[in-house]
Peer 1: 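One structure, as structure tokens, below. Some questions next.
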Amino acid sequence: MSGYDGPAMARHFLSVDDLDTPELSTLLDRSAAVKASPRDVADRLAGTAVAMIFEKPSTRTRVSFEVAISSTGGHPLALSSAELQLGRGETIEDTGRVLSRYVDAIVLRTFGQDRLEGLARTATVPIVNALSDLEHPCQCLADLLTIREHKGNLAGLVFAYVGDGNNVAHSLLLGGAKMGMAVRVATPPGYEPIPQVVERAAEIGRTTGGSVEVLHDPATACSGADVLYTDVWASMGQEAETAERARVFGPYRIDQAAVDLAKPDCIVLHCLPAHRGQEITDEVIDGPHSVVWDQAENRLHTQKALLLWLMDRD
Ligand code: CP
Ligand code: NVA
């Protein structure tokens with residue numbers, strides 16, 4: 001914990017792009033080690049406190065972070081913005097200044113990426129993006145670990161994301177490209193991932209052997225894929241668009257026909273929560289290709305490894 005309000009020196013995790021390929025690879029190795037031997041890290045965060053601020057709902061992120069912190073000896077504080085002075089207009093920057101005097105890291109789930117950046121500007125402790133409108137980098141760590149566990153490697157895999165070009169898609173584009181995967185994203189016209197992320201992922205891919213393709217045909221994306229991935233059609237904050245999106249996204253679902261187009265040994269991921277019958281069918285999420293529960297579990301292990309690394313306690 002810093003004793004002064006000087007320039008932020010801490011390492012943050014606001015985007016998958018905050019890690020280079022060797023760091024990402026090492027973090028996945030450490031996550032696997034933590035998963036294999038959780039007792040080895042049981043007291044590694046002893047004497048620390050981590051604040052988690054949620055400006056949107058959460059099941060997996062909140063519980064997995066809380067357990068990750070407490071089971072490594074740290075003290076988690078789960079806070080909703082409504083019960084903080086943030087809800088009454090205190091700035092995120094001032095919140096960062098103050099919380100840095102009490103805690104050793106801050107986890108934030110929010111809307112705009114600018115709120116995470118504002119917090120990182122003034123906080124003197126590591127800041128973790130627990131989902132923003134732009135990215136969901138912690139989810140991506142668990143996704144990559146899960147794929148690696150089931151496929152043995154990441155480089156060269158054909159990864160097909162079908163659905164909305166959203167926060168989850170953005171982090172997967174960056175993470176997949178960093179790990180040398182061929183990332184295909186199929187969205188309805190008008191719902192593509194933002195060009196800055198696509199261009200950055202393509203740039204990364206040129207150095208790792210990975211590649212990026214943005215398509216509008218879900219069947220082309222799924223054909224011959226090793227990994228199929230989908231997410232909700234309407235993200236948190238887009239509730240008013242739910243009906244319109246349900247109309248537009250109909251063909252952008254992972255159903256048995258999509259699985260049949262992929263490789264026979266393909267795996268299916270979904271960050272959850274799932275809207276069964278919309279972006280994924282019961283048959284697929286409950287079927288033999290689905291690894292979604294392993295994927296959800298891996299949030300716990302990857303976040304332990306992430307916190308130990310950010311807090312310099314590996
Ligand atoms: N996947 C995920 O982040 O789930 P929660 O919204 O439940 O945290
Ligand atoms: N794209 C979804 C992910 C939920 C974990 C959302 O932002 O709501």
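Side-chain atoms are counted along with the backbone in the values below, which use heavy atoms only and exclude waters and symmetry mates. Numbering of ligands and ligand atoms starts at 1, following listing order.
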Peer 1: Using heavy atoms and a threshold below 4.0 Å, how should the contact between Val232 and ligand 2 be classified: side chain, backbone, both, or neither?
Peer 2: side chain
Peer 1: If you count the non-hydrogen atoms of other residues, nucleotides and ligands that lie under 6.0 Å from CG in Asp265, is the total more than 12?
Peer 2: yes
Peer 1: Would you mind checking which non-hydrogen protein atom is closest to atom 4 (O) of ligand 1, with the distance to 0.1 Å?
Peer 2: Arg60 NE, 2.8 Å
Peer 1: Who's the nearest protein heavy-atom neighbour of atom 6 (O) of ligand 1, and how far?
Peer 2: Arg109 NH1, 2.8 Å
Peer 1: Within ligand 2, which atoms have a heavy atom of Leu131 less than 4.0 Å away?
Peer 2: 3 (C), 4 (C), 5 (C), 7 (O)
Peer 1: So is Leu272 close enough to ligand 2, meaning a heavy atom under 4.0 angstrom away?
Peer 2: yes
Peer 1: Between Cys271 and ligand 1, does any nitrogen or oxygen pair lie at a separation below 3.5 Å?
Peer 2: yes
Peer 1: Has Arg313 got more than 12 heavy atoms of other residues, nucleotides or ligands less than 6.0 Å from its CZ?
Peer 2: yes
Peer 1: Counting N and O atoms only, with roles assigned by atom type, does the side chain of Glu244 sit under 3.5 Å from a partner on the main chain of Glu241, one being a donor and the other an acceptor?
Peer 2: no
Peer 1: By number and element, which atoms of ligand 1 are closer than 4.0 Å to a non-hydrogen atom of Thr59?
Peer 2: 5 (P), 7 (O), 8 (O)
Peer 1: For ligand 2, which atoms have a heavy atom of Asn167 less than 4.0 angstrom away?
Peer 2: 1 (N), 2 (C), 6 (C), 7 (O)
Peer 1: Look at the side chain of Ser37 and the backbone N and O of Val34, then say whether any donor-acceptor pair between them is shorter than 3.5 Å.
Peer 2: no
Peer 1: Suppose we measure from atom 3 (C) of ligand 2 to each protein heavy atom; which comes out shortest, and what is that distance?
Peer 2: Asp231 OD2, 3.6 Å
Peer 1: Tell me the contacting part of Leu272 for ligand 1: side chain, backbone, both, or neither, using a 4.0 Å heavy-atom threshold, strictly below.
Peer 2: backbone
Peer 1: Is Lys56 paired with Asp133 through a side-chain N to carboxylate O contact shorter than 4.0 Å?
Peer 2: yes
Peer 1: Whether Asp18 and Arg11 form a salt bridge (side-chain N of Lys/Arg under 4.0 Å from carboxylate O of Asp/Glu) is what I want to check.
Peer 2: no
Peer 1: Is it true that His136 lies under 4.0 Å from ligand 1, counting heavy atoms only?
Peer 2: yes
Peer 1: Return the CG to CG distance between Leu307 and Asp312, rounded to the nearest 0.5 Å.
Peer 2: 12.5 Å
Peer 1: Could you identify the single nearest non-hydrogen protein atom to atom 8 (O) of ligand 2 and state the distance to 0.1 Å?
Peer 2: Met236 N, 2.8 Å
Peer 1: Could you tell me if the side chain of Gln256 sits less than 4.5 Å from the side chain of Thr281, heavy atoms only?
Peer 2: no
Peer 1: Could you tell me the separation between the CD atom of Gln303 and the OG1 atom of Thr61, rounded to the nearest 0.5 Å?
Peer 2: 6.0 Å
Peer 1: For ligand 2, find out whether one of its N or O atoms is nearer than 3.5 Å to an N or O atom of His136.
Peer 2: no
Peer 1: Output the list of atoms in ligand 1 that are nearer than 4.0 Å to some heavy atom of Arg299, sorted by atom number.
Peer 2: 1 (N), 2 (C), 3 (O)
